[in-house]
Structure formats: C-alpha cells, structure tokens
Amino acid sequence: MARSASLDVQLIACTSFTPPADVDWAADETATDAEALIEFAGRACYETFDKPNPRTRANAAYLHHVLEVGHTALLEHATATLYVRGLSRSASHELVRHRHFSFSQLSQRFVHAGDAEVVVPPLIVEDEELNRLMMRAVDESRFAYNELLDALEERLEGEPNALLRKKQARQAARAVLPNATETRLLVTGNFRAWRHFIGMRATEHADVEIRSLAVACLKLLRENAPVVFSDFEISRLADGSEMATSPYVTDF
Ligand SMILES: Cc1cc2nc3c(=O)[nH]c(=O)nc-3n(C[C@H](O)[C@H](O)[C@H](O)COP(=O)(O)OP(=O)(O)OC[C@H]3O[C@@H](n4cnc5c(N)ncnc54)[C@H](O)[C@@H]3O)c2cc1C
C-alpha cells in the first residue's frame, strides 16, 4: 500500500555579507546579513553611507521605505535556498513556472519511483472513503509502473549499458505515475523572486498545496530577513488552511 508524504521545507543556504572595510558604514546590529546587504546596495546607488536621512537611518526603516517605493531591484542581491520534500509532482509543476528561481529536482529517470510516497490532497485525506479510492488508484498505477519497468528492461536487454537501460525503461514507465507522486527539490531564488512567488501562490486563489508551500517558505524566509517579508500578513481561511497577502505584491 502506498504511503503518504507530508510537506517538509528547510532553509539550507542564505546570503552572508561582508561589508567592504574601506567604506565608512555599518548596519544596525539587529539587521541580518541579507537585510544589511540590501541596505548597502541601496546606499551604494546614492553614496548615502553616512545615513543623512534620519527617517531611514535604521535598517528596518530603510527597508520599509524600499518596499513602500517599490525599489525592489535591491532585493535581488539577497538569496535563499530551500530544500523542499513531500511536494507532489503537480505542485512542483506549478512551482517551476516561476522563471527567476533555480531548481535541482529529483530525477524520475535515474531514481526508481516504484515505491515513492504520494501527496494526498487535504480534501481527500480527511475522508476515509475518498482516501481509500485514491490509494487504490495509486497502488494500481504503481503496479502498472513496475510491470512496465520489468517488460521494458526485458525489451532493452540488448543495450549493454546497464545505467542507460534502466534510464530508458524508467523514463517510459513513469508515464503512468500519478500527479500525486512525491518529489524533492532545491529552490534558490533572490528575495524579489521569493516575494513574487509568495505573493502569487500564498493567496486564496492558489491551489491549497502550493499555497501551504508558499506560506512555509514565507515563515522560513522571515526568520532570515524579518523586515523584508514583514508586509505579508498570514491569516486562516474557513477550511483552516493558511494564506498570506501583502499590500505591495499585487502583480498578477
Ligand atoms: C491562481 C493561479 C492560477 C494559475 N492558473 C494557470 C493556468 O490555468 N494555466 C497556466 O498556464 N498557468 C497558470 N498559472 C501560472 C501563471 O500563469 C504563471 O505562469 C506563474 O504563476 C508564474 O508567474 P509569473 O508569470 O508572474 O512569472 P515569474 O516567472 O515568477 O516571473 C516574475 C515576474 O517577472 C517578469 N517576467 C518573467 N518572465 C518574463 C518575460 N518573459 N517577459 C516579461 N516579464 C517577465 C514578470 O513581471 C513576472 O510576473 C496560475 C497561477 C496562479 C497563481
């Protein structure tokens, strides 16, 4: 019987910043490296390292101003890499539409998927009968996958390269795997791209799975750059799932 996977997102890399020693400027101690770098980038544009405007002297005030005026190109200097597991292939297809991210995704051509876990949509998982229906379909497709794999490997017997033989068999057999099959991927993006992704995918209009991914990413990125993501407000929908919106991210 197929097992179900649950979403797991971890922040595994984030910008570190060493200001040039010969520039007379220092960020607030409360600012993270990513936040300090964004301020530095902004001040580099106007040579305002001496912080002449008292209203934006503090790093948090400076970043709030950047968000307010929409000078979000500065956010491109800070990046974060997240490792995502327990995501369905269908949700990952939505994720990879975001062109400013860099991805490294688990290969179904190299890795045997016959016992991969599946991500069951919440509407199905909470209903015993629907869950049984779904798992039966998953088991049937997995059975077909394994049968196809054996038959394909037999047909490709003449191929002396064992790795190539397996790859060719898997890339054909995977056609019957369900959209719900679990995938894993690394996603690297700059903070402008992350904000755009969260703005589009954490709203109530997005599919519940990618929405929960977007909210999970927001929470992790907030730990690393609280001010940069402070404008997103997380709330709950009637079904109990979370969503997030920002008054500054409205580009649909
Ligand atoms: C609720 C919802 C429903 C959706 N339904 C569908 C659907 O039915 N079918 C479907 O195909 N897709 C659908 N999508 C996906 C959507 O169309 C986008 O492809 C996806 O969300 C990526 O966002 P983006 O285009 O803003 O670009 P990203 O790749 O995230 O890029 C960010 C921004 O960069 C700029 N940019 C990037 N590339 C270019 C470019 N080539 N030229 C000019 N500017 C560029 C744009 O300003 C863009 O908004 C849906 C998305 C959502 C959130």
Side-chain angles (χ1 to χ4, degrees), residues 1-13 80-99 101-189 197 201 206-217 220 239 241-242:
M1 174 102 170
R3 285 165 300 127
S4 59
S6 45
L7 184 66
D8 179 65
V9 191
Q10 294 180 39
L11 182 100
I12 57 170
T81 301
L82 270 57
Y83 187 37
V84 180
R85 285 174 288 189
L87 194 73
S88 69
R89 288 284 293 198
S90 54
S92 80
H93 182 75
E94 296 179 331
L95 175 59
V96 300
R97 294 291 300 275
H98 292 275
R99 291 160 283 183
F101 285 150
S102 306
F103 302 98
S104 298
Q105 181 165 18
L106 176 70
S107 169
Q108 285 187 333
R109 300 170 75 213
F110 279 87
V111 179
H112 177 72
D115 49 8
E117 297 186 353
V118 287
V119 179
V120 186
L123 258 186
I124 293 179
V125 88
E126 64 203 21
D127 183 300
E128 209 178 307
E129 183 52 28
L130 294 181
N131 203 37
R132 204 168 25 245
L133 246 176
M134 162 128 189
M135 287 314 197
R136 199 171 66 211
V138 169
D139 284 340
E140 280 166 8
S141 76
R142 177 177 299 196
F143 180 78
Y145 172 85
N146 285 318
E147 292 262 287
L148 275 171
L149 211 53
D150 290 345
L152 284 160
E153 287 208 39
E154 218 177 288
R155 178 174 290 199
L156 295 163
E157 239 173 16
E159 170 54 60
N161 182 332
L163 190 64
L164 184 62
R165 197 168 59 239
K166 281 195 181 308
K167 196 171 80 177
Q168 287 177 341
R170 282 174 188 150
Q171 73 194 15
R174 69 174 167 170
V176 297
L177 290 172
N179 256 342
T181 304
E182 188 222 357
T183 188
R184 301 170 178 195
L185 63 176
L186 260 81
V187 190
T188 300
F197 166 72
R201 300 298 188 170
D207 178 274
V208 64
E209 189 185 356
I210 194 144
R211 176 153 46 84
S212 52
L213 171 67
V215 173
C217 295
L220 285 168
D239 65 2
S241 65
E242 286 182 313

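Since the structure is predicted, the reported quantities are computational estimates derived from the model, not experimental observations.
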To the closest 0.5 Å, what do you measure between [atom1] ([X]) and [atom2] ([Y])?
| X | Y | atom1 | atom2 | value |
| --- | --- | --- | --- | --- |
| D239 | E126 | CG | CD | 8.0 Å |
| E117 | S6 | CD | OG | 8.0 Å |
| R165 | L152 | CZ | CG | 12.0 Å |
| L123 | D127 | CG | CG | 9.0 Å |
| S92 | L106 | OG | CG | 10.0 Å |
| M135 | R3 | CE | CZ | 10.0 Å |

For this session: If a pair satisfies ring-ring contact (aromatic ring centres under 6.0 Å, His included) and one of its residues is in residues 119-167, list it, with sequence neighbours excluded.
Result: H112-Y145
For this session: Please collect all ring-ring contact (aromatic ring centres under 6.0 Å, His included) contacts where either partner lies in residues 153-184, sequence neighbours excluded, each pair once.
Result: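 Those involving residues 153-184 do not exist here.
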Shortest non-hydrogen separation from [X] to [Y] and the atoms involved:
| X | Y | value |
| --- | --- | --- |
| L148 | A173 | CB-CB, 4.0 Å |
| V118 | V138 | CG1-CG1, 3.7 Å |
| T183 | Q105 | OG1-NE2, 2.9 Å |
| G114 | N146 | CA-OD1, 3.9 Å |
| F197 | C217 | CE2-SG, 4.3 Å |
| L156 | A169 | CD1-N, 3.9 Å |

Problem set entry | Verdict with reasoning, L87 to V119, per side chain to side chain contact (heavy atoms under 4.5 Å, CB included) | CA-CA 7 Å; L87 194 73; V119 179; 5.6 Å; no
Could you tell me whether the side chain of [Y] reaches within less than 4.5 Å of the side chain of [X], counting heavy atoms only?
| X | Y | answer |
| --- | --- | --- |
| V125 | S4 | no |
| S107 | K167 | no |
| L164 | Q168 | yes |

For this session: Without swapping roles, check the side chain of E209 against the backbone of S88 for a donor-acceptor pair under 3.5 Å.
Result: yes
Problem set entry | N/O donor-acceptor pair under 3.5 Å between R142 side chain and P178 backbone |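 Judged by distance alone, no pair lies under 3.5 Å.
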Exercise. Would V84 and F103 count as a side chain to side chain contact (heavy atoms under 4.5 Å, CB included) if you check the C-alpha gap in whole Å, the side-chain angles of each, and the deciding distance to 0.1 Å?
Worked result: CA-CA 11 Å; V84 180; F103 302 98; over 6 Å; no
For this session: Output yes when E94 and R97 qualify as a salt bridge under the 4.0 Å nitrogen-oxygen rule, no when they do not.
Result: no
Problem set entry | CD/E129: more than 12 non-hydrogen atoms of other groups inside 6.0 Å | yes
For this session: Test Q108 against R170 for side chain to side chain contact (heavy atoms under 4.5 Å, CB included), laying out the working first.
Result: CA-CA 7 Å; Q108 285 187 333; R170 282 174 188 150; over 6 Å; no
For this session: Go through the steps to decide whether L186 and T188 satisfy the test side chain to side chain contact (heavy atoms under 4.5 Å, CB included), and finish with yes or no.
Result: CA-CA 7 Å; L186 260 81; T188 300; 5.5 Å; no
Exercise. Parallel, tilted or perpendicular: which describes the rings of F101 and H98, with under 30° parallel and over 60° perpendicular?
Worked result: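 Geometry flag for H98 against F101: tilted rings.
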